[in-house]
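First up is the structure itself, then whatever we jot down about it.
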Amino acid sequence: METSLELKEVQKLEGHTDRVWSLDWNPATGHDGIPLVFASCSGDKTVRIWEQNLSTNLFSCKATLEETHTRTVRSCAWSPTGKLLATASFDATTAIWENVGGDFECVSTLEGHENEVKSVSWNAAGTLLATCSRDKSVWIWEVQPGNEFECVSVLQGHTQDVKMVRWHPTEDILFSCSYDNNIKVWADEGDSDDWQCVQTLGEPNNGHTSTVWALSFNPSGDKMVTCSDDLTLKVWGTESIGMQSGGGFAPWRHLCTLTGYHERTIFSVHWSRGGIFASGAADDAIRLFVDDNSESQVDGPLYKLLLKKDKAHDMDINYVQWSPGEKPLLASASDDGTIKVWDLVS
Amino acid sequence: MVTGLINANPIIYEKKQRQQRSTQSLQGDEYTVEPIDHLEVFDILFANFHFCFAFTFIGYRDIKDPEHPYSLEELKVITEEAVEVNDQNSYVRVTFTPTVEHCSMATIIGLCLRVKLLRSLPSRYKVDIRVAPGSHATEAAVNKQLNDKERVAAALENPNLVDMVDECLAPSYE
């Protein structure tokens, strides 16, 4: 029975001196004997690097990246190879860090946003970076040789601050979600950095009725889950991934809405490669959802609650993310200043 | 910042008479945890606020004349009934009424209320702050902004804004 599953707290990590906003597992770790590593970022203006000890399985802080950002570090993202770490800050900059023999050096600073940068994301190939800000814009940066980053497009379209940007897991299609309640899909329809908004998922498309805080894709990239201040999670699907050979775009459509599971704003959602998505919210709770195969799927796929973990933290949960590796761990970041690592056990 | 008076002639209401709250536990057991009730939160917010606080909120920021000792309570920006507390669920909701429909200070009032509660209540508390229904021209927008924690966090990293909030709240700690 699935009801026997339990989210077991493996470790509580302390070190940040203010709320932890976000974290990111290094995708190049957790396999082939390479210990798991993740980065976390906080209102204390620092980024911390945590590494698992292969004999004890416990995590410890290996590095603290400080004295570069002058305000809250809102989010962080490893490049696909795990060599570079991008950090987005309320100080209006995005910093790029390189791991040089265990020491992290700030090798580039991306400036251009007018105010708080809220999210940063690498595309699958590691050739493009996207950032978004309270200035309502989304910027696309091209990675050049020698740790140079050139802005190739500034995307205007959202009418309020943009909370998160995420590249599609396989295609160069960008997704953004905003305080304006919308999710926007951006694609390069021509061949010369002509980035356009190709779809807006909003209230008229069964979309969210308040701030959309986060989005995440399923492993195959044909489904996406979003979470919102409207206390719902929504699953979206597309018939065909990416741009068609003829240049057409296969639109995304609403598949289902999960409501009644969280009592306060849902800040984070993340889909594991095993098909389980986790959500973390301001009600201090974590919820796990899976495909519900038991129902006849007349109206498309449905999802059911797999597990609920109340009081997972003492305060709001800002971020949840599954680790890479054979048996993924879940990490959660909270206003209580701690990060917890969880194991899904039966 | 506000230069002129947003509301030059605010209506002043009488202060409501409140019963003196007992400071002693009925059982006299010092280990009994007394739940936080709405009056306590009301007191946290307003009991010691003096004119400077009220003036700041209604746009009288530059007036330091102590001859107008109006509190937010007397201006009915906030009333006892507008503070809802559920101690068991660690929940507080404060509903305030800006003195004029277009009061541009509404978000500042809300920010001050949030900071005051943040500093005074146990961290387990969840706080919602909103303007009273029908009391503000852009009610939904004000409410959304006041309850977006990322915007609040960013605002509280703005030194000018923090100075203003601290100035507003200073009398309340006396």
Side-chain angles (χ1 to χ4, degrees), chain A residues 18-19 21-22 42-45 69-75 88-92 115-119 132-135 159-164 178-181 209-214 228-230 263-265 267 281-285 310-311 313-319 334-337, chain B residues 33 36 84-95 106-108 110-111 113-131 133 136-166:
Chain A
D18 199 335
R19 65 156 61 98
W21 274 112
S22 187
S42 159
D44 68 12
K45 303 172 189 158
H69 286 301
T70 56
R71 293 182 57 189
T72 284
V73 188
R74 178 63 180 88
S75 78
S89 168
F90 282 2
D91 68 13
N115 45 41
E116 296 94 322
V117 188
K118 306 202 170 203
S119 175
C132 64
S133 161
R134 183 163 69 87
D135 68 14
T159 58
Q160 296 285 347
D161 38 327
V162 188
K163 296 297 194 186
M164 182 186 256
S178 165
Y179 187 91
D180 70 11
N181 307 352
T209 55
S210 190
T211 304
V212 189
W213 280 95
S228 167
D229 180 55
D230 69 11
E263 290 162 19
R264 295 182 68 80
T265 307
F267 290 121
D283 59 9
D284 310 346
D310 288 320
K311 296 187 169 65
H313 279 271
D314 292 337
M315 295 173 72
D316 290 11
I317 295 169
N318 297 318
Y319 207 80
S334 167
D335 273 2
D336 66 19
Chain B
V33 177
I36 295 170
E84 296 167 48
V85 178
N86 185 328
D87 187 63
Q88 206 159 13
N89 295 335
S90 306
Y91 178 72
V92 173
R93 182 164 76 177
V94 179
T95 306
T107 50
I108 301 293
L111 190 61
L113 298 177
R114 184 169 287 286
V115 170
K116 178 72 184 180
L117 291 174
L118 198 70
R119 292 175 182 171
S120 309
L121 289 173
S123 62
R124 64 185 159 88
Y125 265 86
K126 306 292 182 184
V127 177
D128 284 333
I129 295 180
R130 58 170 193 172
V131 295
H136 197 274
T138 55
E139 182 182 323
V142 171
N143 287 342
K144 191 170 185 179
Q145 170 132 343
L146 287 176
N147 294 293
D148 182 302
K149 72 187 253 185
E150 193 183 39
R151 286 195 170 195
V152 169
L156 294 178
E157 288 186 0
N158 176 333
N160 297 328
L161 217 43
V162 171
D163 282 352
M164 191 161 81
V165 168
D166 283 339

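Every chain is numbered from 1, with letters handed out A, B, ... down the list of sequences. All values below were derived from every heavy atom in this structure, side-chain atoms included, with hydrogens, water molecules and symmetry-related copies excluded.
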Any Lys/Arg nitrogen of A:K163 or B:E150 sitting under 4.0 Å from an Asp/Glu carboxylate oxygen of the other?
yes
Can you find a pair of side-chain heavy atoms, one from B:P133 and one from B:E139, that are under 4.5 Å apart?
yes
Of A:R19, A:R134, A:K118, the largest count of non-hydrogen pairs under 4.5 angstrom with chain B goes to A:K118
Tell me, side chain or backbone of A:D161 under 4.5 Å from chain B's heavy atoms, or both, or neither?
both
Which atoms of A:Y179 come close to chain B, meaning under 4.5 Å heavy atom to heavy atom: side chain ones, backbone ones, both, or neither?
both
Which atoms of A:S210 are under 4.5 Å from chain B, going by heavy atoms: the side chain, the backbone, both sets, or neither?
both
Check each atom of A:D229 against the heavy atoms of chain B and say whether the ones under 4.5 Å are side chain, backbone, both or neither.
neither
Who wins among A:N318, A:D316, A:D335 for the most heavy-atom pairs under 4.5 Å with chain B?
A:D316
For a quick check under 3.5 Å, do A:N115 and A:S133 share a side-chain donor-acceptor pair by atom type?
yes
Side chain, backbone, both or neither: which part of B:A141 has a non-hydrogen atom closer than 4.5 Å to chain A?
backbone
Using only atom types and a distance under 3.5 Å, with no angle test, would you say the side chain of B:R151 pairs donor to acceptor with the backbone of B:K144?
no
Hey, are B:K126 and A:D284 close enough for a salt bridge, meaning a charged N less than 4.0 Å from a carboxylate O?
yes
Indicate whether any N or O donor in one side chain lies under 3.5 Å from an N or O acceptor in the other, for B:N86 and B:R93.
no
